[in-house]
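All remarks here apply to the structure that follows.
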There are 2 protein chains.
Amino acid sequence: MDLKTDLKTYLGEKKALVEAFIIGYFEEPIAPGILHESMKYSLLAGGKRIRPVLCLTAYETCGGNGQDIMPQAAAIELIHTYSLIHDDLPAMDDDDLRRGKPTNHVIYGEAMAILAGDGLLTEAFRMFSNNDKVAPAMLLQAINELSAAAGLFGMVAGQAMDIISEGKAHDKKTLEFIHRNKTAALLKASVRLGGILYNADKAKMDSLTGYGEAIGLAFQIVDDILDVTGTTEELGKPQGSDENKNKMTYPAMYGVERSKAMAKEQIDRALQSVELFGPKALWFKEIANYLLKRSN
Amino acid sequence: MDLKTDLKTYLGEKKALVEAFIIGYFEEPIAPGILHESMKYSLLAGGKRIRPVLCLTAYETCGGNGQDIMPQAAAIELIHTYSLIHDDLPAMDDDDLRRGKPTNHVIYGEAMAILAGDGLLTEAFRMFSNNDKVAPAMLLQAINELSAAAGLFGMVAGQAMDIISEGKAHDKKTLEFIHRNKTAALLKASVRLGGILYNADKAKMDSLTGYGEAIGLAFQIVDDILDVTGTTEELGKPQGSDENKNKMTYPAMYGVERSKAMAKEQIDRALQSVELFGPKALWFKEIANYLLKRSN
């Protein structure tokens with residue numbers, strides 16, 4: 001870990017490693033070709049790769065070399081990508097644009113988009129289950145955690161609550177449920193997985209858990225704020241789309257200023273949580289500050 | 001294994017054990033309640049539970065007690081159920097009826113049906129990853145095999161090919177690809193998983209592989225034939241629906257009589273494959289014969 005590198009370079013390098021791994025992994029043709037294309041289209045449509053980067057950072061902050069868990073970090077990105085494809089479907093959020101590009105079903109049709117999502121989710125577990133450098137028991141524990149956070153005790157539950165809450169009277173409990181599950185759970189898991197795969201001790205795991213939870217919540221609050229204050233160009237999708245869908249968001253519930261303060265509170269909590277790692281916590285801290293200040 | 005029991009009792013007992021496990025597993029409320037309900041609706045809509053039964057039978061034929069791998073056997077049924085929910089969606093096969101009941105999206109809407117499928121698929125891997133009675137390395141290998149067979153090297157690939165081949169000129173290569181992947185891959189894996197979880201030796205695994213592959217192919221040929229010759233009441237869905245959708249099927253390609261002979265050939269191959277197990281192969285043989293003669 002070269003402490004002289006700045007965050008932009010650090011994130012860029014990690015992102016490049018993750019993308020190179022994904023590109024290599026999906027190089028072999030898969031039949032039918034259109035399914036393969038459809039998965040690659042969304043996998044390679046850009047994005048910050050923040051979940052794998054968090055996983056790699058956690059593993060390295062604990063003392064490991066990120067290269068050793070690249071399949072596991074990349075698998076989280078497959079799950080994130082599947083969730084975007086399914087969320088964008090006409091029956092769900094009905095979004096035509098994502099990161100400035102047409103969404104998967106706009107290009108490949110609804111059936112192929114559903115299957116591309118199903119394929120990515122299933123393949124993520126295959127990718128995750130293979131790694132000679134990690135003890136089988138740790139891999140299993142990680143799969144258990146990942147499937148909870150991506151499914152019924154996280155993302156899928158959050159998205160379901162989001163869908164059924166559209167247009168309903170906003171209440172704080174539901175808003176928190178949605179955000180805690182839909183976005184924060186997988187971000188938190190991304191951080192914790194790095195620790196689990198390293199077989200980190202309880203003190204380190206507690207530190208990672210606090211950090212992951214706090215940045216997960218901050219991430220979604222910032223997302224909500226950007227939907228109100230960002231430009232369509234910055235966001236790569238129509239500005240104000242949450243409001244148009246009458247989604248429960250932090251700015252709608254608390255106003256923009258209070259929401260900003262709430263995000264800041266979480267980031268402060270995140271910074272506090274990783275004090276245990278001393279100077280090694282540098283990248284965790286830089287990432288937390290970046291997540292607060294990002295514009296897309 | 002009581003050799004005096006007849007097959008109907010055997011299948012009924014195993015099915016009851018699998019269903020009791022699934023009911024117990026999903027007893028705890030999951031939020032939102034509608035997601036929970038939607039998953040349970042399809043999970044408990046009936047069905048032969050043939051995949052878990054095959055997995056349990058393989059494990060017991062190798063020498064184990066099926067109770068020890070109940071979570072793993074049941075997890076396969078979660079994956080099968082998710083695939084039915086997604087296959088029935090309007091954007092996919094657009095089926096309103098399954099096992100004589102309205103399909104998931106007809107009751108819960110498309111968004112919730114997509115999420116119920118996503119939730120079941122993800123939870124299946126969580127369920128599968130937990131078992132103190134099986135060595136972690138064997139569980140990992142099984143997860144690897146299951147995710148291949150359920151995803152890009154099996155079911156998802158087969159369903160994708162099925163969707164894009166609708167209405168196209170039928171050819172034997174595509175027909176075989178669809179059947180080998182869409183249905184046979186998960187059936188074959190169900191049998192092999194029992195052996196992997198038992199840590200069976202190579203000779204036993206070869207025997208299970210041959211059996212699983214053969215009954216997998218026979219199963220789909222019989223399904224195709226029943227769609228032509230069965231009644232809507234027996235099938236629990238409209239008779240002739242494959243033909244109406246211009247699906248590639250064995251009867252459409254080879255005619256009913258030749259298809260019946262092909263199914264019989266596979267069943268003979270299956271019976272041959274399990275000779276290695278001697279008298280212990282009884283249930284495998286009975287199941288193979290039953291799969292050939294079933295009427296739904």
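Quick note on labels: first sequence line is chain A, next is B, and so on, each numbered from 1.
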Does B/D201 CG have over 12 foreign heavy atoms under 6.0 Å away?
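Yes.
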Top contributor to chain A contacts, counting heavy-atom pairs under 4.5 Å, from [options]:
options	result
B/L120, B/I30, B/I79, B/L140	B/L140
B/L139, B/D93, B/N181, B/T174	B/L139
B/G151, B/G119, B/S165	B/G119
B/L89, B/I163, B/L115, B/N130	B/L115

How long is the span from the [atom1] atom in [X] to the [atom2] atom in [Y], to the nearest 0.5 Å?
X	Y	atom1	atom2	answer
A/S129	B/Q141	OG	CD	10.0 Å
A/F153	B/R126	CZ	CZ	4.5 Å
B/T122	A/M155	OG1	CE	7.0 Å

Sort out for me which of [options] touches chain B most, counting heavy-atom pairs under 4.5 Å.
options	answer
A/H105, A/M127, A/E110	A/E110
A/A135, A/A148, A/A124, A/P32	A/P32
A/L152, A/L146, A/L35	A/L152
A/I34, A/I114, A/D118	A/D118

For a side-chain contact (heavy atoms from CB on, under 4.5 Å) check, start with the C-alpha distance between A/F128 and B/I143, then their side-chain angles and the critical distance, and finish with the verdict.
CA-CA 9 Å; A/F128 207 104; B/I143 288 171; over 6 Å; no
Can you give me the closest heavy-atom contact between B/A91 and A/A111, atom names plus distance?
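Nearest pair, atom of B/A91 first, then A/A111: O-CB, 3.2 Å.
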For B/Y250, give me all partners under ring pair (Phe, Tyr, Trp, His ring centres under 6.0 Å), at least two apart in sequence or on another chain.
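Result, ring pair (Phe, Tyr, Trp, His ring centres under 6.0 Å) vs B/Y250: B/H179, B/Y254.
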Determine, stepwise, if the pair A/Y82 / B/L121 fulfils side-chain contact (heavy atoms from CB on, under 4.5 Å).
CA-CA 12 Å; A/Y82 119 76; B/L121 172 57; over 6 Å; no
Which answer fits A/M39, side chain, backbone, both or neither, if we ask what part of it has an atom under 4.5 Å from a heavy atom of chain B?
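A/M39 touches chain B through side-chain heavy atoms alone.
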Which atoms of A/I164 are under 4.5 Å from chain B, going by heavy atoms: the side chain, the backbone, both sets, or neither?
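Just the side chain, heavy atoms under 4.5 Å.
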For the residue pair A/H86 and B/H86, categorise the inter-ring angle as parallel (less than 30°), tilted (30 to 60°) or perpendicular (more than 60°).
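Answer is perpendicular, since the angle exceeds 60°.
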Can you list the steps and then say if A/M112 with B/M92 is a side-chain contact (heavy atoms from CB on, under 4.5 Å)?
CA-CA 9 Å; A/M112 207 46 66; B/M92 306 269 266; over 6 Å; no
side-chain hydrogen bond (donor to acceptor under 3.5 Å, both in side chains) against B/D95, all qualifying residues, sequence neighbours excluded
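Residues passing side-chain hydrogen bond (donor to acceptor under 3.5 Å, both in side chains) with B/D95: B/K245.
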